[in-house]
Amino acid sequence: MIWYVAKRLLAAMPTLVAVLTVVFVIVRIIPGDPALTVLGDQATPQALAALREKLGIDKPLLAQYFDFITAALTGDLGRSLVSGRPVIQEVVAVLPHTLDLTISSLVLGTALGVPLGVWAALRRNRLADYVIRIVSLVGLSFPVFVSGIFLLMVFSLHYRLFPVIGTSNLADLGDRTWKLVLPTITLGLVMVAYITRVTRSAMLQVLSEDYVRTARAKGVPARLVIRRHALRNALIPVVTVVGLYLGINIGNSVLTEIVFNRPGLGKVIVTALNQRDYAMLQGLMVIYCFLIVVTNLLTDLAYGLIDPRVKQA
Amino acid sequence: MSGAVDDTPVLRVEDLSVEFRVRGAWWPAVRGLSFDVARNETLALVGESGCGKSITALSVMGLVPRPQGRVGSGRILFEGRDVAAMREAELERLRGDRMAMIFQEPMTSLNPVLSVGFQVSEALRVHRAIDAAAADAEALRLLEEVKIPSARRRFADYPHQFSGGMRQRVMIAMAIALKPALLLADEPTTALDVTIQAQVLGLLADLKSAQGMSMLFITHNLGVVAAIADRVAVMYAGEIVEIAPVARIFSGPVHPYTEALFRAIPRIDREEQSLDAIGGQVPPIDRMPPGCRFAPRCPARRPSCEASSQALVEVAPGHSVRCGVRAPAGARAA
């Protein structure tokens, strides 16, 4: 198991280096002088030159590239041009908020989506199935900023059950959970809709498999046939989709964070964009890619737990 | 209770019809089917693909696929109780315990995410109040009984680590786990190569004689029939067209379809090597001819054949034929 993880992490290294290279090129292609951006157009040539030297952008491109790659691989993603603090520090400060939101919406999505999908599949073409399918389609079609604002209006402004502002005190678990409720529902409902649909179609496929008939022929009670024989097989495609979607979800959390005024990676990115903080953006792109790589690794590990055929390969 | 030999059949199918829905209407895939399987007897169901053999076995198990299929009418008496009228919970108690089924496709009939050992022990765990260790021990004994090499070492392996022949042995081990009174074997050797086929047939024959089990053996391979069956029922388009003891049907088939089936077998003991394929096709389920269903393909056809349906007529003790030409009603042979 440990070997498998180590092997997979090692295999992710070329991906990361490729990503770093692309990020490096993109940032160099963007027009504009970072030093000028930071110091403004009133700055003296001496000050600009000094800043360029400090940022390392006076060196030849190839040297910059190697500096960037080696620094990035050792965890040094540079410093923000605006605050002057290391990018890593800025990210670590808000990362728990983003992870809270992503993970809680994933848990909500799985906890509701899988049973709903199974139920819809078992009631195929009957009322429950139609209702679930229509509601999940509506859930998928609603943009996060619409459902988020709707939830805020109803539960925060009208009933005053939850706070409008989502900035929470990380050390206070109650406060942290309380402020997580509405954003989780906002982001989680999309996830519920998505997982429901994938689970339904996977279950329908698995229920017609020969081995499900074999299990019934053994006299295994229907509930056990569904849970033990059908669902475990149906979860294989579900894990694939959830893994892919989790990556997208880290990005989707941007809108939710803005609607609920929560700190998080999304807001950091938008702020860096507005301030043209290239060093920050560069670092953030690398961190996003790293998170996606980790997500993929977790997905592969989940496969290994469900499907014995994976371990062999 | 008096100690007399119990001669009620293990399975008695009476006037069974199984229907499928095609374009909004129900059509019988199996019609007016009646037969018995006695204790310790093997009845072979023979016929082309799509003649209703597998559907017959599935209806005995209560596994006709829903909602597109249903048992339309008739009774399926298993040990005296009508399976067709049972609720699902009652069926679950019978399945895998008193009656069991082996399927045609060993590659897809085992669950890929559960270990072979668990799948064999599952029926024991479901039907008997035994702990996991006892179930595993019994499952291991069964795997050894069906001659899985180094069964102990392979107990925790998964189906993808087994060959087709080994998987079919696992299927057999699962099916015989609780010593069923009736084993339904749906082309259990069709997907296997010839040497493995012979081994599996030998294994089933041994198990049958050791446990006094009855078998409904479905196949389209007449060589397999000769090796394993006591009696043979030939099916065509959802009906039995001829039923007889195995020696009789091989020595003197009466129905033109049965004859045609035998002519379609390659023989190595004959000079001429022309194989007689049966011309034409089985009519589709929603376009059955009103009279004899085989009439459109039959070499012995007469105009009257297509007018009215034929009755199954006994031509000799234990030998019945559905043919107005070869076995006309009321003209029973001695």
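Lettering follows sequence order; numbering is per chain, from 1. Here the structure is a predicted model, which means the values were calculated and not measured.
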**Item:** Most chain A-contacting option - heavy-atom pairs closer than 4.5 Å, from B/M99, B/R125, B/R93, B/Q119
**Value:** B/Q119

**Asked** Would you find more than 12 non-hydrogen atoms of other residues, nucleotides or ligands less than 6.0 Å from B/F118 atom CZ?
**Response** yes

**Message:** If you count every heavy atom of other residues, nucleotides or ligands that lies below 6.0 Å from B/F155 atom CZ, does the total exceed 12?
**Reply:** yes

**Request:** Heavy-atom distances under 4.5 Å only: say whether B/L58 touches chain A with side chain, backbone, both or neither.
**Result:** side chain

**Check: B/H127 side chain, A/K218 main-chain N or O, donor-acceptor pair, under 3.5 Å** = yes

**Message:** Report which part of B/M171 has an atom under 4.5 Å of a heavy atom belonging to chain A: side chain, backbone, both, or neither.
**Reply:** side chain

**Item:** Side chain, backbone, both or neither of A/R228 within contact of chain B (heavy atoms, under 4.5 Å)
**Value:** both

**Message:** One pair to check against side-chain contact (heavy atoms from CB on, under 4.5 Å): A/R213 and B/F103. What are the steps and the verdict?
**Reply:** CA-CA 9 Å; A/R213 188 179 61 186; B/F103 296 97; 3.1 Å; yes

**Message:** For the interface with chain A, which of B/M101, B/E105, B/E122, B/M61 has the highest count of heavy-atom pairs at distances below 4.5 Å?
**Reply:** B/E122

**Test log, rule side-chain contact (heavy atoms from CB on, under 4.5 Å), inputs A/R216 and B/R95** = CA-CA 8 Å; A/R216 294 187 63 205; B/R95 281 190 213 128; 3.9 Å; yes

**Request:** Answer with side chain, backbone, both or neither: which region of A/A215 has an atom nearer than 4.5 Å to a non-hydrogen atom of chain B?
**Result:** neither

**Request:** Answer yes or no: are there more than 12 heavy-atom neighbours, outside A/W119 itself, under 6.0 Å from its atom CH2?
**Result:** no

**Request:** Tell me, yes or no, whether the heavy-atom count around A/R227 atom CZ, taken from other residues, nucleotides or ligands under 6.0 Å, exceeds 12.
**Result:** no

**Message:** Counting heavy-atom pairs closer than 4.5 Å to chain A, which one of B/A123, B/P112, B/A89, B/A100 comes out on top?
**Reply:** B/P112

**Message:** Out of B/T108, B/V126, B/L178, B/N111, return the one with the most heavy atom pairs under 4.5 angstrom to chain A.
**Reply:** B/N111

**Prompt:** Could you go step by step and tell me if A/T214 and B/M174 meet the side-chain contact (heavy atoms from CB on, under 4.5 Å) rule?
**Reply:** CA-CA 9 Å; A/T214 307; B/M174 276 166 50; 3.3 Å; yes

**Message:** If I measure from the heavy atoms of chain A, does B/E88 come under 4.5 Å with its side chain, its backbone, both, or neither?
**Reply:** side chain

